[in-house]
Amino acid sequence: MFLWGTATAAYQIEGAVHEDGRGVSIWDTFAHEAGRTRDGHTGDVACDHYHRWREDVALMSGLGLNAYRFSIAWPRVQPAGSGAVNEKGLDFYDRLVDTLLAAGIQPVPTLFHWDLPQALQDRGGWMSRETAERFAEYAAVAARRLADRVPLWITLNEPFVHMAFGYAMGVHAPGQALMTDALPAAHHQLLGHGLAVRALRAAGARQVALTNNCTPVRAASADEADVKAADAYDALHNRLFNDPVLVGTYPDLSAYTAALDFLQDGDLETIAEPLDALGINYYHPTRIAAPTAEGLPFTDAGITGHPTTAFGWPVVPDGLRELLTGLRSRYGAALPPILITENGCSQDDVPTERGTVEDAERIAFLRGHIEAMRQAMAEGVDVRGYFVWSLLDNFEWAEGYHQRFGLVHVDFATQRRTPKASYAWLKEFLAGQNTDT
Ligand code: GBH
């Protein structure tokens, strides 16, 4: 069965940050620090999904989806990041899973979508090797409770973005600007992933995947310096997170570090634990030129000549085909089946006087990207699912509530949900699909 779904993440939608024994996460801390998010927005309430989840499942049911990718908040399950388990936190996901199943929707949980328990950050977060072990413990706790009903599990969401934005540039939690010294945060996430794969299988999970944010990298010109810079960027953004998982090696990182001091014997074997699927989040391609200043071995040259989203990201559907066929040629038989675990765009969606939301650009975006995915499939890439980011307008990290990615508009003052035109389009599209292929 091809999975057609939407995706969300706990901190972006749940709210209820002090309820039922939830612990503090790094995003609670970060969002409450002055100047970290646009207009000081936080996820304290977000979409209030923790209370309105039945309404949100009904919205999915109305779309005719057969899958839903959500994330489990580690601080709800283990408020201190290790040890004591908060049964009330698990109860929330237990109810959600049962309600999804009753609606014919396969639950696809992600265990880590950036909301690390603050207690673990206080001991170094992902810069500390210990966090990898704590993550595997937490994964086992969640799977022991839910794996009887949940076949497919995703360990991490976008370890690249968490490392780059959270630890290298400091624009996301935990707000550290370590630049290239942030590489251990990549390694420890990957190690945590590998340990979690084993823990999940031992606890009854039948299928396990990792979600990487990948971008096809294009050199700004054929000049050797640009080509070299593009290769260095591709190593950092894509291959650093795909190579060890799929083929058990790290790419050449000599442009970033003299030595992989964090690497211990056996780590690469753990990280390369076989997967049932690779999750790919695709937003846009990247164009890279030779560095113009000291520091990083590349500069982002920007993609021109394409429409852009409200975020300013270029809309390039063919980049998805390019990405998927590129993965297939790089990894060959080592590439597991692929799930597009996120794809979508932000637009300035404003309800009309009639109460509708006319998001024609989003419809064009989704149509174009689904078509590009199908072209890649026709070229031999084994894709098994596609998830729209996102079901609801939600807390868009450092942008707060200023970027709207939903198929459903949320008025954050009243929590009123209004399905957009893209919702109606997707519903009609899905009704015409044979989901068995
Ligand atoms: C995902 O990350 C997240 O998983 C999700 O939580 C989030 O809400 C969603 O996307 C939308 O942002 O053109 O230089 O500005 C996406 C990762 C990294 C993709 C930054 C776009 C823009 C780089 N993003 N990238 S730039």
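Keep in mind the model is a prediction, meaning the values are calculated, not measured.
- Minimum interatomic distance between Leu152 and Ala209 (heavy atoms only, all atoms of both residues): CD1-CB, 4.3 Å.
- We find that Asp276 and Arg384 are not joined by a salt bridge, their nearest charged nitrogen and carboxylate oxygen being 4.0 Å or further apart.
- A donor-acceptor pair shorter than 3.5 Å can be found between the side chains of Ser25 and Asp28.
- The shortest heavy-atom contact between Ala147 and Ala205 is CB-N, 3.9 Å.
- Closest of all the heavy-atom pairs between Thr8 and Ser390 is CG2-OG, 3.7 Å.
- The distance from atom CG of Asp115 to atom CD1 of Ile72, rounded to the nearest 0.5 Å, is 10.5 Å.
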| query | Would Asp393 and Lys420 satisfy salt bridge (charged side-chain N to carboxylate O under 4.0 Å, His left out), going step by step from the backbone distance to the final call? | reply | CA-CA 11 Å; Asp393 293 341; Lys420 302 178 188 176; 2.7 Å; yes

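- Judged purely by atom type and a 3.5 angstrom limit, Thr356 has no side-chain atom pairing as donor or acceptor with the backbone of Thr352.
- Enclosure of atom CG in Asp348 is not indicated, since only 12 or fewer non-hydrogen atoms of other residues, nucleotides or ligands lie within 6.0 angstrom.
- Side chains of Asn238 and Asp234: a donor on one and an acceptor on the other come within 3.5 Å.
- With hydrogens and angles ignored, the 3.5 Å screen pairs no side-chain donor or acceptor of Arg22 with any backbone N or O of Asn86.
- Ring-plane geometry between His237 and Tyr233 is classed as tilted, the angle between the planes lying from 30 to 60 degrees on a 0 to 90 degree scale.
- Using modelled atom types, no side-chain atom of Asp349 and backbone atom of Val357 make a donor-acceptor pair closer than 3.5 Å.
- A side-chain N or O of Glu19 and one of His51 form a donor-acceptor pair less than 3.5 Å apart.
- For the pair Trp153/Arg206, no side-chain contact is recorded, criterion being any heavy-atom separation below 4.5 Å from C-beta on.
- Side-chain contact between Pro419 and Leu59 is present, with heavy atoms from C-beta onward closer than 4.5 Å.
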Task: Glu273 vs Arg201, salt bridge (charged side-chain N to carboxylate O under 4.0 Å, His left out): CA-CA, chis, key distance, verdict - done: CA-CA 11 Å; Glu273 199 60 46; Arg201 293 201 199 285; 5.3 Å; no

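- Closest non-hydrogen pair, Glu342 versus Ala7, comes out as CG-CB, 4.2 Å.
- Contact detail for Ala185 and Met163: the closest heavy-atom pair is CB-CG, 4.4 Å.
- Between Phe395 and Trp397, the ring planes lie perpendicular to each other; the angle is over 60°, past the 30° to 60° tilted range.
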Just do the side-chain contact (heavy atoms from CB on, under 4.5 Å) check on Tyr282 and Val316 with the steps written out, would you?
CA-CA 10 Å; Tyr282 171 72; Val316 189; 4.1 Å; yes

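- Here the OG1-CZ distance, from Thr299 to Arg287, works out to 10.0 Å after rounding to the nearest 0.5 Å.
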side-chain contact (heavy atoms from CB on, under 4.5 Å) between Thr309 and Glu361: does it pass, once the steps are laid out?
CA-CA 8 Å; Thr309 70; Glu361 300 97 328; over 6 Å; no

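- With contacts defined as side-chain heavy-atom distances shorter than 4.5 Å, the pair Leu200/Thr155 qualifies.
- Looking only at distances, no side-chain donor or acceptor of Thr308 sits under 3.5 Å from a matching main-chain atom of Pro314.
- Here the straight-line distance linking atom CG of Leu327 with atom CD1 of Ile338 works out to 5.0 Å at 0.5 Å rounding.
- No donor-acceptor contact under 3.5 angstrom links the side chains of Asp359 and His409, judged on distance only.
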CA sep, side-chain torsions, deciding dist, call: Asp231, Arg239, salt bridge (charged side-chain N to carboxylate O under 4.0 Å, His left out): CA-CA 10 Å; Asp231 185 65; Arg239 296 186 327 246; 3.2 Å; yes

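- Between the side chain of Lys427 and the backbone N or O of Gly62 there is at least one donor-acceptor pair closer than 3.5 Å.
- Screening Ile288, Asn281, Thr286, Leu323 against Thr215 for a side chain to side chain contact (heavy atoms under 4.5 Å, CB included) leaves a single residue, Thr286.
- The line from OG of Ser71 to NE2 of His113 is 6.5 Å long, rounded to the nearest 0.5 Å.
- Taking CG of Leu116 as the start and OH of Tyr11 as the end, the distance is 14.0 Å to the nearest 0.5 Å.
- Note on Glu396 versus Arg38: no salt bridge recorded, every NZ/NE/NH1/NH2 to OD/OE distance being 4.0 Å or above.
- Judged by distance alone, the side chains of Glu379 and Thr325 never bring a donor and an acceptor atom under 3.5 Å apart.
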In sequence, state the C-alpha distance, the side-chain angles, and the governing distance for Gln433 and Ile370, and then conclude on side-chain contact (heavy atoms from CB on, under 4.5 Å).
CA-CA 12 Å; Gln433 296 310 303; Ile370 290 170; over 6 Å; no

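- Listed for the Tyr138 side chain is a donor-acceptor partner under 3.5 Å among the backbone atoms of Leu111.
- Panel note: side chain Gln12, backbone Cys47; no donor-acceptor pair is recorded below 3.5 Å.
- Seen from the ring of Tyr423, Arg417 does not count as a face-on cation partner, given the 6.0 Å and 45° thresholds.
- Within a 6.0 Å sphere centred on CZ of Arg95, other residues, nucleotides and ligands contribute more than 12 heavy atoms.
- We find that Asp91 and Lys88 are not joined by a salt bridge, their nearest charged nitrogen and carboxylate oxygen being 4.0 Å or further apart.
- Distance alone, capped at 3.5 Å, places no donor-acceptor pair between the Glu428 side chain and the Ala424 backbone.
- Tyr167 and His162 have perpendicular rings, their planes meeting at more than 60° on a 0 to 90° scale where under 30° would count as parallel.
- Considering only heavy atoms from C-beta on, Tyr331 stays 4.5 Å or farther from Leu278 through its side chain.
- A side-chain hydrogen bond (donor to acceptor under 3.5 Å, both in side chains) with Tyr386 is found for exactly one of Asn343, Thr341, Thr6, namely Asn343.
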| Yes or no on side-chain contact (heavy atoms from CB on, under 4.5 Å) for Arg362 and Leu426, after CA distance, side-chain angles and deciding distance? | CA-CA 10 Å; Arg362 179 170 291 102; Leu426 186 62; over 6 Å; no

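- Listed for the Ser82 side chain is no donor-acceptor partner under 3.5 Å among the backbone atoms of Gln78.
- Between the His188 side chain and the Trp126 main chain, a donor and an acceptor come within less than 3.5 Å of each other.
- Glu14 approaches Ala73 most closely through the heavy-atom pair OE1-CB, 4.0 Å.
- No hydrogens or angles considered: nothing links the side chains of Tyr283 and Asn213 as a donor-acceptor pair under 3.5 Å.
- With rounding to the nearest 0.5 Å, the separation of SG in Cys345 from CH2 in Trp389 is 13.5 Å.
- Other residues, nucleotides and ligands contribute at most 12 non-hydrogen atoms within 6.0 Å of the CZ atom of Arg328.
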Point to revise | Evaluation steps, salt bridge (charged side-chain N to carboxylate O under 4.0 Å, His left out), between Glu371 and Arg374 | key: CA-CA 5 Å; Glu371 181 53 33; Arg374 289 198 158 145; 5.5 Å; no

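- Asp94 places none of its side-chain heavy atoms less than 4.5 Å from the side chain of Val97.
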